[in-house]
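Chain letters run A, B, ... following the sequence lines, proteins first and then strands; every chain starts at 1.
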Protein chains: 2
Amino acid sequence: MGVVRSPDELCGLFRASGRKVTPQRRRIFELLEGNSSHPTADNIYLELVKDMPTVSLKTVYLTLKELEEMGEIQCLDLGMGSARFDPNVDLEHHHLVCVSCGQVRDFELSLSQDLKCQVPEAIFSVTKAEIVFRGTCIVCQRNGGVSAVGSRDKVRIS
Amino acid sequence: MGVVRSPDELCGLFRASGRKVTPQRRRIFELLEGNSSHPTADNIYLELVKDMPTVSLKTVYLTLKELEEMGEIQCLDLGMGSARFDPNVDLEHHHLVCVSCGQVRDFELSLSQDLKCQVPEAIFSVTKAEIVFRGTCIVCQRNGGVSAVGSRDKVRIS
DNA sequence: TTCCTATTTGACAATCATTTACATATAGAT
DNA sequence: ATCTATATGTAAATGATTGTCAAATAGGAA
């Protein structure tokens, strides 16, 4: 299933669904490919302007929203001020959120019990079950948890 | 452990930690007691103004933040535009989020495996593991999922 | 290839949640 | 009752995200 698609595949999917593929969109697809840094819309925008000085943040938001609607990326709201985007749409894939530096890491975890089945259908129909692990990453533990970066600070994509 | 404290207990804890107990704070404690509606700061505020016409949203935010710092309530950011506050601080307590009406429900779940132990200490030190189940509640399923309420709409506390 | 039109874009303003600034009011210890 | 640190309210600032709309353009049709 739709895990990590190439820019070309995404362009095809966009056209197939009646959308147009513009240079800015293609570039966004490229910036997302294999990106495991969980960038914010602004992180993407800052990379984008390097090549396209006139792009607007709005275009980034719009393209990301469309990708999300198509199920090609997921939008994570982890309570850090701004949404993070993740091109990894794998199931059994959860997140480690460092409350010190704000970094978000993917974490593969296949539970013996299927989480969705834990909730009675008579009560609620589960579409998606996500686990958020909050704590401190090894780097911040070494730095005594004092690693400056506030939750609202920009995290440049590597 | 600190699960569901009475307004009086909270007043005591506030004084004990050098904070002052004002009428508006006491009222906020009352509004939170036994409240399982997962109100936003604004929901609380709207109830509060009924008794105290001059109270400000800022006071609500501040008091809620202090309660959170004291570990007496938890702040949930579920990606619905505004944070939800939950006086239930029970461990093994997760959330069902209806993507149709925006309602948030508590869900007790004791997994046979301890979630925290799933993450290697060498990688990340977990403080808290929370599961968010997204899907549709029974009510919205009956209404054909068309139950109007947008994610940013206000949800009055019952 | 050129044309045509629905879709995108970008500049800008608007909105929403949350925080800051600061002068005034007040809880609660003495 | 006094005094001072803390809390309050007004009003304005901030940051993320969305709406408006005229101008630009992708890409199918001719």
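Although no hydrogens or angles enter the test, the distance criterion places a donor-acceptor pair under 3.5 Å between the side chain of A:Asn43 and the main chain of A:Thr40.
Applying the ring-ring contact (aromatic ring centres under 6.0 Å, His included) rule to pairs touching residues 87-114 of chain A yields A:His38-A:His95, A:His93-A:His95, A:Phe107-A:Phe133, sequence neighbours excluded.
When rounded to the nearest whole Å, the span between CG of A:Asp77 and C1' of C:dA17 equals 12 Å. Note: CZ (A:Arg84) to P (D:dT17) measures 11 Å, nearest angstrom. Distance, A:Met52 CE to C:dT8 P: 16 Å, rounded to whole Å. As rounded to whole Å, 10 Å separates atom P of C:dT9 from atom CG of A:Leu48. As rounded to whole Å, 10 Å separates atom P of C:dA17 from atom CG of B:Asn43. Taking atom NZ of A:Lys65 as the reference point, atom C1' of C:dT8 lies 15 Å away to the nearest angstrom. Taking atom CZ of A:Phe14 as the reference point, atom C1' of C:dT7 lies 12 Å away to the nearest angstrom. Note: CG (A:Leu64) to P (D:dT17) measures 10 Å, nearest angstrom.
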**Request:** Could you go through the side chain to side chain contact (heavy atoms under 4.5 Å, CB included) check for A:Asp8 and A:Arg26 one step at a time?
**Result:** CA-CA 8 Å; A:Asp8 279 344; A:Arg26 175 178 286 277; 3.2 Å; yes
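We find the OG1-NZ distance between B:Thr63 and B:Lys65 to be 11.5 Å, quoted to the nearest 0.5 Å. Rounding to the nearest 0.5 angstrom, the gap separating the CD atom in B:Glu69 from the CG atom in B:Leu64 is 11.5 Å.
The phosphate of C:dT9 (OP1 or OP2) has no side-chain N or O of A:Ser56 nearer than 4.0 angstrom. Between A:Tyr61 and D:dT17 there is a side-chain N or O to OP1 or OP2 distance below 4.0 Å. A close approach under 4.0 Å does not occur between any side-chain nitrogen or oxygen of A:Gln24 and OP1 or OP2 of D:dT25.
Taken over five-pair windows at either terminus, the axes of the helix from C:dT1-D:dA30 to C:dT30-D:dA1 are inclined to one another by 30° (rounded to 10 degrees).
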Give the table of side-chain donor-acceptor pairs shorter than 3.5 Å for residues 10-21 of chain A, with sequence neighbours excluded, one pair per line with atom names and distance.
unit_1  : atom_1 : unit_2  : atom_2 : d
A:Ser17 : OG     : A:Leu13 : O      : 3.1
A:Ser17 : OG     : A:Phe14 : O      : 3.0
A:Ser17 : OG     : A:Arg19 : NE     : 3.0
A:Arg19 : NH1    : A:Glu66 : OE1    : 2.6

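Residues B:Ala83 and A:Arg25 each lie close to DNA chain C; by heavy-atom proximity, the contact nearer the 5' end of the strand is made by A:Arg25.
A search for side-chain hydrogen bond (donor to acceptor under 3.5 Å, both in side chains) contacts involving A:Thr59 returns A:Ser56, not counting sequence neighbours. Partners of A:Phe124 according to the ring-ring contact (aromatic ring centres under 6.0 Å, His included) rule, which considers only residues two or more places apart in sequence or in another chain, do not exist here.
Each of A:Lys128, A:Glu68, A:Glu130 was checked for a side-chain hydrogen bond (donor to acceptor under 3.5 Å, both in side chains) with A:Gln74, and the lone residue meeting it is A:Lys128.
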**Asked** What string of B, S and - do you get for nucleotides 21-30 of chain C, 5' to 3', when a contact is any protein heavy atom under 4.0 Å?
**Response** BB----BS--
